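To keep things clear, I will list the structure first and then write my remarks on it.
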Amino acid sequence: MMAHDKPRRRTKHRQTSNPESGFTLLEVLVVLVIVVMLASFVGPRVVGYLSSSRTKAAKIQIEGFATALELYSMDVGRYPTPEEGLSALVQRPSNADTWNGPYLRKTAVPRDPWGNAYVLQKAPAGQPFLIVSHGSDGKPGGDGDAADITSTQ
């Protein structure tokens, strides 16, 4: 036999399955504790950002209504009454002959970020109108998310 005819020896790599391979209960528990700790720090911040973004969205919508009310006033010569409400911006009131609307892009007055209707109230002294969102609870007054958001703020 020649040197090049020599059979080569093959090394066999066996894959052994070890029934004890994988994660231990302790490792899984450590990971779960870390995930819970992260969620406890991040969760309240996310909720805080969500509530503040709804408040900001309501303020922006109220500013849009204020602009539309100014246009309404220029055309009609007065602001809508609380009885006519903000719907006077999208539907001609019966006593507004020079109405040139709609003054909003939508066919209906949008609701506030919590799904409640905006309210046009009698204006305080020195103000032409008062637009109010009653916050998350939909009731006058309140604190935090439930606080009223008005056009005078």
Side-chain angles (χ1 to χ4, degrees), residues 13 15-153:
H13 295 289
Q15 288 188 329
T16 59
S17 63
N18 184 354
E20 294 181 17
S21 65
F23 299 108
T24 65
L25 179 61
L26 182 61
E27 291 168 331
V28 171
L29 289 175
V30 167
V31 169
L32 284 175
V33 166
I34 291 170
V35 168
V36 168
M37 287 175 58
L38 285 173
S40 68
F41 291 127
V42 173
R45 288 200 168 236
V46 169
V47 170
Y49 288 133
L50 179 63
S51 65
S52 70
S53 67
R54 285 185 176 176
T55 301
K56 289 176 186 175
K59 287 179 182 180
I60 290 169
Q61 277 185 316
I62 287 174
E63 288 174 13
F65 294 144
T67 302
L69 285 170
E70 293 297 335
L71 293 172
Y72 177 95
S73 173
M74 284 191 278
D75 288 345
V76 177
R78 64 172 179 80
Y79 293 99
T81 64
E83 292 76 28
E84 292 170 336
L86 293 173
S87 62
L89 297 174
V90 292
Q91 294 175 345
R92 178 191 306 263
S94 60
N95 60 351
D97 296 332
T98 56
W99 188 85
N100 196 23
Y103 298 93
L104 299 176
R105 289 186 182 184
K106 309 235 176 191
T107 58
V109 177
R111 294 178 123 6
D112 72 7
W114 298 277
N116 303 314
Y118 286 98
V119 180
L120 181 65
Q121 295 180 346
K122 184 177 179 190
Q127 299 288 325
F129 53 82
L130 179 64
I131 306 167
V132 180
S133 165
H134 291 301
S136 63
D137 65 352
K139 299 175 185 171
D143 295 321
D145 285 350
D148 290 352
I149 302 160
T150 67
S151 56
T152 59
Q153 293 177 332

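The model shown is predicted, which means the values in this text are computed figures rather than measured ones.
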With a 4.5 Å cut-off on side-chain heavy atoms, are [Y] and [X] touching?
X: Phe65; Y: Val109; value: yes
X: Lys59; Y: Ile149; value: yes
X: Trp114; Y: Thr55; value: yes
X: Leu86; Y: Leu69; value: yes

Kindly give the heavy-atom pair with the smallest separation between [X] and [Y], and that separation in Å.
X: Trp99; Y: Pro93; value: CD1-CD, 3.8 Å
X: Pro80; Y: Gly85; value: CB-O, 3.7 Å
X: Pro113; Y: Arg54; value: CG-O, 3.3 Å

* Asked: Sequence neighbours excluded, which residues qualify as side chain to side chain donor-acceptor pair (under 3.5 Å) partners of Asn100?
  -> none

* Who passes side chain to side chain donor-acceptor pair (under 3.5 Å) against Glu70, sequence neighbours left out? -> Tyr79

* For Arg78, all residues meeting salt bridge (Lys or Arg N to Asp or Glu O under 4.0 Å), sequence neighbours excluded -> Glu84

* To do: Answer yes or no: does atom CG of Asn95 have more than 12 heavy-atom neighbours from other residues, nucleotides or ligands under 6.0 Å?
  => yes

Residues in side-chain contact (heavy atoms from CB on, under 4.5 Å) contact with [X], at least two apart in sequence or another chain:
X: Thr98; result: Val76
X: Glu83; result: Thr81
X: Val31; result: Val35
X: Ile60; result: none

* Structure fact -> Distance col, row Thr107:OG1 vs Gln91:CD, nearest 0.5 angstrom, shows 9.0 Å

* Say you draw a straight line from CG of Asn116 to NZ of Lys139; how long is it, rounded to the nearest 0.5 Å? -> 11.0 Å

Scan the side chains in residues 128-135 for donor-acceptor partners under 3.5 Å anywhere in the protein, sequence neighbours excluded, and list what turns up.
unit_1: Ser133; atom_1: OG; unit_2: Asp112; atom_2: OD2; d: 2.7
unit_1: Ser133; atom_1: OG; unit_2: Gly135; atom_2: N; d: 3.4
unit_1: His134; atom_1: ND1; unit_2: Asp148; atom_2: OD1; d: 3.2

* Asked: Which residue pairs pass the side chain to side chain donor-acceptor pair (under 3.5 Å) test when at least one of the two sits in residues 122-131, sequence neighbours left out?
  -> none

